[in-house]
Engineer: 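I have a structure I would like to understand better, so I am pasting it below and will then ask my questions one at a time.
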Protein chains: 8
Amino acid sequence: MNKESLKNLLERVKTGEISTDEAYQNLLNLPYAELGYAKIDNHREMRTGYPEVVFGQGKTAEQLKGILEYLLSTGNNILATRITPEMFEGVKNISDKAEYHETARCITIRQKKPVYPETPIAIVTAGTSDLPVAEEAAVTAEIFDNKVLRFFDVGVAGIHRLFNNLDEIRKARVVVAIAGMEGALPSVVGGLVDKPVIAVPTSIGYGANFEGLSALLGMLTSCATGLSVVNIDNGFGAAYQASMINKL
Amino acid sequence: MNKESLKNLLERVKTGEISTDEAYQNLLNLPYAELGYAKIDNHREMRTGYPEVVFGQGKTAEQLKGILEYLLSTGNNILATRITPEMFEGVKNISDKAEYHETARCITIRQKKPVYPETPIAIVTAGTSDLPVAEEAAVTAEIFDNKVLRFFDVGVAGIHRLFNNLDEIRKARVVVAIAGMEGALPSVVGGLVDKPVIAVPTSIGYGANFEGLSALLGMLTSCATGLSVVNIDNGFGAAYQASMINKL
Amino acid sequence: MNKESLKNLLERVKTGEISTDEAYQNLLNLPYAELGYAKIDNHREMRTGYPEVVFGQGKTAEQLKGILEYLLSTGNNILATRITPEMFEGVKNISDKAEYHETARCITIRQKKPVYPETPIAIVTAGTSDLPVAEEAAVTAEIFDNKVLRFFDVGVAGIHRLFNNLDEIRKARVVVAIAGMEGALPSVVGGLVDKPVIAVPTSIGYGANFEGLSALLGMLTSCATGLSVVNIDNGFGAAYQASMINKL
Amino acid sequence: MNKESLKNLLERVKTGEISTDEAYQNLLNLPYAELGYAKIDNHREMRTGYPEVVFGQGKTAEQLKGILEYLLSTGNNILATRITPEMFEGVKNISDKAEYHETARCITIRQKKPVYPETPIAIVTAGTSDLPVAEEAAVTAEIFDNKVLRFFDVGVAGIHRLFNNLDEIRKARVVVAIAGMEGALPSVVGGLVDKPVIAVPTSIGYGANFEGLSALLGMLTSCATGLSVVNIDNGFGAAYQASMINKL
Amino acid sequence: MNKESLKNLLERVKTGEISTDEAYQNLLNLPYAELGYAKIDNHREMRTGYPEVVFGQGKTAEQLKGILEYLLSTGNNILATRITPEMFEGVKNISDKAEYHETARCITIRQKKPVYPETPIAIVTAGTSDLPVAEEAAVTAEIFDNKVLRFFDVGVAGIHRLFNNLDEIRKARVVVAIAGMEGALPSVVGGLVDKPVIAVPTSIGYGANFEGLSALLGMLTSCATGLSVVNIDNGFGAAYQASMINKL
Amino acid sequence: MNKESLKNLLERVKTGEISTDEAYQNLLNLPYAELGYAKIDNHREMRTGYPEVVFGQGKTAEQLKGILEYLLSTGNNILATRITPEMFEGVKNISDKAEYHETARCITIRQKKPVYPETPIAIVTAGTSDLPVAEEAAVTAEIFDNKVLRFFDVGVAGIHRLFNNLDEIRKARVVVAIAGMEGALPSVVGGLVDKPVIAVPTSIGYGANFEGLSALLGMLTSCATGLSVVNIDNGFGAAYQASMINKL
Amino acid sequence: MNKESLKNLLERVKTGEISTDEAYQNLLNLPYAELGYAKIDNHREMRTGYPEVVFGQGKTAEQLKGILEYLLSTGNNILATRITPEMFEGVKNISDKAEYHETARCITIRQKKPVYPETPIAIVTAGTSDLPVAEEAAVTAEIFDNKVLRFFDVGVAGIHRLFNNLDEIRKARVVVAIAGMEGALPSVVGGLVDKPVIAVPTSIGYGANFEGLSALLGMLTSCATGLSVVNIDNGFGAAYQASMINKL
Amino acid sequence: MNKESLKNLLERVKTGEISTDEAYQNLLNLPYAELGYAKIDNHREMRTGYPEVVFGQGKTAEQLKGILEYLLSTGNNILATRITPEMFEGVKNISDKAEYHETARCITIRQKKPVYPETPIAIVTAGTSDLPVAEEAAVTAEIFDNKVLRFFDVGVAGIHRLFNNLDEIRKARVVVAIAGMEGALPSVVGGLVDKPVIAVPTSIGYGANFEGLSALLGMLTSCATGLSVVNIDNGFGAAYQASMINKL
């Protein structure tokens, strides 16, 4: 329930369109819905503008199904991240709108028609191996009603690949820049565009990469400005903030 | 030189207002000005919308003075960060507009009248000891022509201090949330506001804080969404991105 | 053998109720029972007030069975932690009182009737994924004869879920607060209740979580007071100390 | 203001003993007192049972003085930790009850007569170099109205020194065990007493000690049970929780 | 070939007992035997007093077999460590003297009659889970012709188990003390015996144990003297040095 | 396309040997070839003198096949590293020149006749377990048209094995020195030869090796001069630079 | 008091040579002498064969003086380590036998005539900068009545310097090998001598040395056998164990 | 003494030009000169082609002077690194050729006329603060008889500064690329030039830079090829290897 729907409900109470009893039933779960193993935060949309998203990792099949079924009943769009193909098998029957994004390892269920802001979000990656993180970001941005421009494999080892796409990238209102290994791409992008850049380190690499640490530290200490960083492999988080910025 | 001034210059060449020779002299330093020990990036404003800022730490007094003098000549507003009182003593004569912000450890020289966007930037801190970082952020946001709302010492150990200020914080278009120790404040803020939150870990703490590591890791792994993180104690970087977002 | 049973034994020797020979046999294993691969610490209950608990991880099926059989013979309640379902299969026949707690990954064998202190222990978790650690804590507290209040999924990203349960939490004599990711929940709880809080970081998270490090450092550097911390995922240890405190 | 004084105030309003205006003035600062650079948490005592303590490190002389003066006006006992002799010089005139504890680096101002619980708190240290942390703990426990038993330099390298004091240590209701280097003392103590042990790692050592890391990790992974841990050198935090436990 | 057998060979050349050609063939492999993928260090025994030992981990079955066959031909005793049961299956036919030690994960082939020094080596462990490391140490010490005294599960959580065995432990000429978790046992042993103690941290533990790091740092920073440390889980290395010391 | 072939193409356009249309088709992919999931950097050979190499890890079978097929069409030699036997099975039919190097885990496809520089590259390893990294280096150096001298298992524990091969090693123009564990071999080699040494730490070891960290730090802090270091297990990178140096 | 003097005392009680009262006074401090801030472990010599040594770091001048005065009264030789010249100034008057070793930063007071074992201890260092640690080891070994052979600056970058001294080094019964940076020296020494080697990492170096970490990890993961390791810069600890071994 | 001078000496012995006695005196110090606290490696030049360089850090003024005086007597060029102005004051009188390089913190004494190879070495830095490391590299390369091209402050935040200098950089035979913070410059350079690149991380930065760790890890995990890395701030080491490569 978002701010508009709450006001609308109260209006309808005032005009007698619905009884106070009906309104009461509607408002009972306003703060959160109790599922026993989870407390689904219905109030969240009102506070933050976004409905709750399901983080699949570590959840059992039953827990996932229960949460999705509840969310379906709210009529909102649904995003579940970190979902294995096996997990999707177990829940795909809950709605024929449920779509599985293999590379992104996400489920989306679109229940509302999108209304896009004018500007797109650009998602750029350093290498081919960063695709799963990039697609998690792209799927997230899209289910949150944003247009997405994808620029993959434009890392600094062959920097002309980035320059060739620079004009297109500059059309976006905010850039999500994704890289593993030394994570230098966001620094270079940050020096070339006049938009906020959200940097995502990935765990791609080996040895002194220490599962993404090298890219993470590199992005945090970037000499470029206008850059902020999210957790290693957190394509979702970057796209979430990018969407917030894109809709300001 | 920004995009407008470049176009204007070319127009004036076309109309004969200035000679090609004069234009040539103007354009000579377009990519960067060579100071020997530094190459000042004049083209930056055109690429990123912001003029270069001086990072004072590790620079000698001569280098600092030389760079500031060059920047003064461009007519832009100037920001120099990580400046000790001693360093300011050595350069304060270069302009009577030079102002030293003691808590923030910054110099600002305002040469242009500010044009503010409608929305302010909120800066919230967990504790009193986070003030130097918070003021670095505030001074940065202000010299970049933003209004700033300050909320200091509202950390999670006495969380009602945050709640009491929530309505005011929500008026901002973007929030800079600053905390040391366990760095929990941005997580809580991120769950309560519907605006992008830029989290700044500080090195305030001791022992297992490991000079800001605990706050940094905490913010990167936050359970709240809509959050991104900058380097430890990097008030400047957070405000820079916040300003970018505020002006979109 | 605890202090009471030892005194009782000696009394019975004095009164001639049992022969010195019988007493000798009883006392032979007083310091510890030698199983070859393990020395079971019988004297522990006398020193610390609690019988030995079996840490299952890394033990072979034979070792586990041998130790449980010995402990059964003492007549005490038994707790074995970090037990996989497979391990339980191999030992479940040793007693029809043996109960396997799946989420908690624990075996309990209750041989004595519980005597509960008046006050309960509260166990609160930040997320659904923290349940295994929370249940390990709850099962431990219960087999040590404590009443447990469970509050799951009340993390700081939707902090009103915590506030809604605050009155209930405050009824406990001691609080076990469990969280992964940035581990902010114990800080917030510590600022809101006037009881000792034992914080348990969990390994829930990814990337900069570094298998629980972010939550661990966060809790150790908490700005809240009245907080102490146990090892990552150590639900047992937290409940053990909570039980000690609850019975003071 | 604690729970009793609030109820009392309301009673006096009811009986007309004080006017609502006077009550209003009293209640104005109930949530927190605004000092500009700090928000003193007056509500804290009501929530947690303890008044706010001043953490001196990183505070300017003015800030410290301002905060102490405000706290003096509340009539509570005052504790300020991490205070250098120079800082004390700057504030010692605010009250002739102000006392500086050199080894502990603390200021205490006792404004209320102590009411001691029956049981003492035991503070044990491994070495002589752990004294500053131990004294911070002792001073904290004492200003919070606890009796303290001190056992210094009883580390495991000469373990009979611990055994010789064991009977005395066991008289306490809770034990604070402090050690640097490998931090083994709390493990040994935890195996010998039947009371909660709060372990404090210190930064005493060199090389692989990594400023307290070895002791910290050792205590967190202790094979003893009934143990919880606070931050490196955090004598205050350990005593705070010990006091809470001692007064349950 | 050790010093004695080389001198003997040269004597026999001198006396004409063997021809120079035969001696040449014997000496050809003196520095090392070339197996292509390995250079077996025959000269080692002469330099260090011990023949080469095979570290199995990371070797293929063929490599292991080839090396063992070569070593068999030298007539020395053979030790191969870090051998899985599968690896042993693949090589057990090379000699009917080949013996597999399951807990220790070692192969020994005894080809020479042992000559024991008078004094034994004591091997003490903190817990049952340390047995694989302890047995690797014991098997190593034994194949190098030492008597071994085993004291398992005598860790500091129940320290009387150590005291009960102290008289026996003191009979050894050198002590190998093995512990995981916080690794406190060697510190306590080092304070109680007047013999060199070689400490072995094990990777037993979880969370802040960081795969043996807590025990390793603890042992390196031990407050006890007369202690030195080997790598995590390196039972072999500790026994090797203990054997050297035992035979001085 | 390298510098020569580009000049040649332009010459042929000038002389009318090929039409501008044909030339256009040839030049279309000059900056990079777009495969959708990858942008193959054709311009690289012109910038750096070496064609692109395929890093197999993390690529799907389809991606690998697509990239190899494209590279085959360029007529260049091809190297793919970090290829499992299963991956090779899926692509081996693309060319009968495709060769799989099992120990090195590499595919090579030689399409051009080698032209060797006069001097060889020496590859030395400390132990037998370093062979996979050494062979990755050797196969890389060979497909880049270098002669390779191999010296395996000459680590510092039996340093005479190194001395016996020193004259041969000194014949090389550049030395790749590979070691795990403490990684001391490059330091010793660097002190004995007058050629650049490229050091490769390997992840061989256990415990305090921390997956190659000990060898990496050791090589970076080497007391020998003339040494530089590549990532852990990066045989390819070392050979790549060695080849560059060998062809200067 | 060592074992002999205790037996002697008891003999004299038996023969009436001293009264039981006198014996009582003698035995009063047997377990430890209470200095308030320290408990001097008199029993230690009986348990471990060595009197207590004073670790100066972190002790105040008064504490140091008090402890030394007490130790003087026992008639034993005295060693105080980590003593600055200023600290020595404050205590040098307590005995005209007090000697300050500048490079070693130690005080020794010899009160007993030395009785040397036949074999010396060899101390070898990699570089000139390791001297302070080496001299701490040498002074320790000498005050414990050992002859010391010094071999300084024989590191692996110029390995012939080590070989030239090898015959002399082999005369020792035990070798203390000291190195900073990559710490390779003990590995090489361990492969060349047939005596136990105690390795001491030093904090000499910069950057990736991380204050001795690189040398520490290198020594712990050494490919040589017969090696054990002490804490970074712990010359005292190495010499203590070496002395123990030398006197077996 | 290098190979030529040794051969020359032997020739002169053969021809009777010098007596064997004189030759003996000359050869006495061939392996190394014994200064007591240091063993100067005269043989080094013969083995590695370069005379010994003095690492000043941690040396006393006397040690430095003694070593420089000895080196002066060999007639070679001399380089001493990590020299403070104070240290230079103490030794500057030993030769009027002694030159102090302030930014580089080096002393050079040129005693031989330089013979330059045809190609220069390029030294590029990301920022102004990297100058001390860059100058250490430049001074090293120059005293080793190389021409040096300097390109300072061309980091990736304003990448056109690099592109503008690319043609000049490509003239070098080998490139030393120096950067702090995220250390991305060498990756970009490595993708743009066809020469070996030696990367030097610097400790410039703060927070998550962890004294150069971020730059170090970034360079080690670079996606560019043809790159190798030296220790943090090790300008000397990079130039040493660059000089070796430049003279092949």
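Chain naming here is simple, since letters A, B, ... match the order of the sequence lines and numbering starts at 1 in each.
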Engineer: So for E:I232, is it side chain, backbone, both, or neither that comes closer than 4.5 Å to the heavy atoms of chain G?
Structural biologist: neither
Engineer: Looking only at heavy atoms, which of residues 174-184 of chain E get nearer than 4.5 Å to chain G?
Structural biologist: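 None at all.
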Engineer: Let's test your reading of the structure: which of G:V197, G:L217, G:N231 forms the most heavy-atom pairs below 4.5 Å with chain E?
Structural biologist: G:N231
Engineer: Measuring from atom CG of G:N234 to atom CG of E:L227, what distance do you get when rounded to the nearest 0.5 angstrom?
Structural biologist: 10.0 Å
Engineer: With a 4.5 Å limit on heavy-atom distance, are the side chains of E:V53 and G:T225 in contact?
Structural biologist: no
Engineer: Taking side-chain hydrogen bond (donor to acceptor under 3.5 Å, both in side chains) as the definition, give me every residue that meets it alongside E:K147, ordered by chain and number, with sequence neighbours left out.
Structural biologist: none
Engineer: Give the minimum heavy-atom separation between G:S228 and E:Q241, together with the two atoms involved.
Structural biologist: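 Heavy atoms of G:S228 and E:Q241 come nearest at OG-OE1, 2.9 Å.
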Engineer: So, using side-chain hydrogen bond (donor to acceptor under 3.5 Å, both in side chains) as the criterion, who are the partners of G:T108 when residues are at least two apart?
Structural biologist: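 Expected list: G:H101.
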Engineer: First locate atom CD1 of E:I245, then atom CE of G:M244, and finally report the distance between them rounded to the nearest 0.5 Å.
Structural biologist: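 Answer rounded to 0.5 Å: 10.5 Å.
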Engineer: Looking only at heavy atoms, what is the nearest atom pair of E:L220 and G:V229, with distance?
Structural biologist: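 The pair with the smallest heavy-atom distance is CD2-O, 4.2 Å.
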Engineer: Write down the atom of E:L248, the atom of G:K195, and the distance for their closest heavy-atom approach.
Structural biologist: CD2-CD, 4.1 Å
Engineer: Got more than 12 heavy atoms from elsewhere within 6.0 Å of CD, E:E135?
Structural biologist: yes
Engineer: For E:F236, is it the side chain, the backbone, both, or neither that has a heavy atom closer than 4.5 Å to a heavy atom of chain G?
Structural biologist: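 Side chain only.
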Engineer: Counting only heavy atoms from other residues, nucleotides and ligands, does the tally under 6.0 Å from CD of G:Q63 exceed 12?
Structural biologist: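 It does: G:Q63 CD has more than 12 such atoms within range.
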Engineer: Residues two or more places apart in sequence or in another chain: which of them pass side-chain hydrogen bond (donor to acceptor under 3.5 Å, both in side chains) with E:R173?
Structural biologist: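 Expected list: none.
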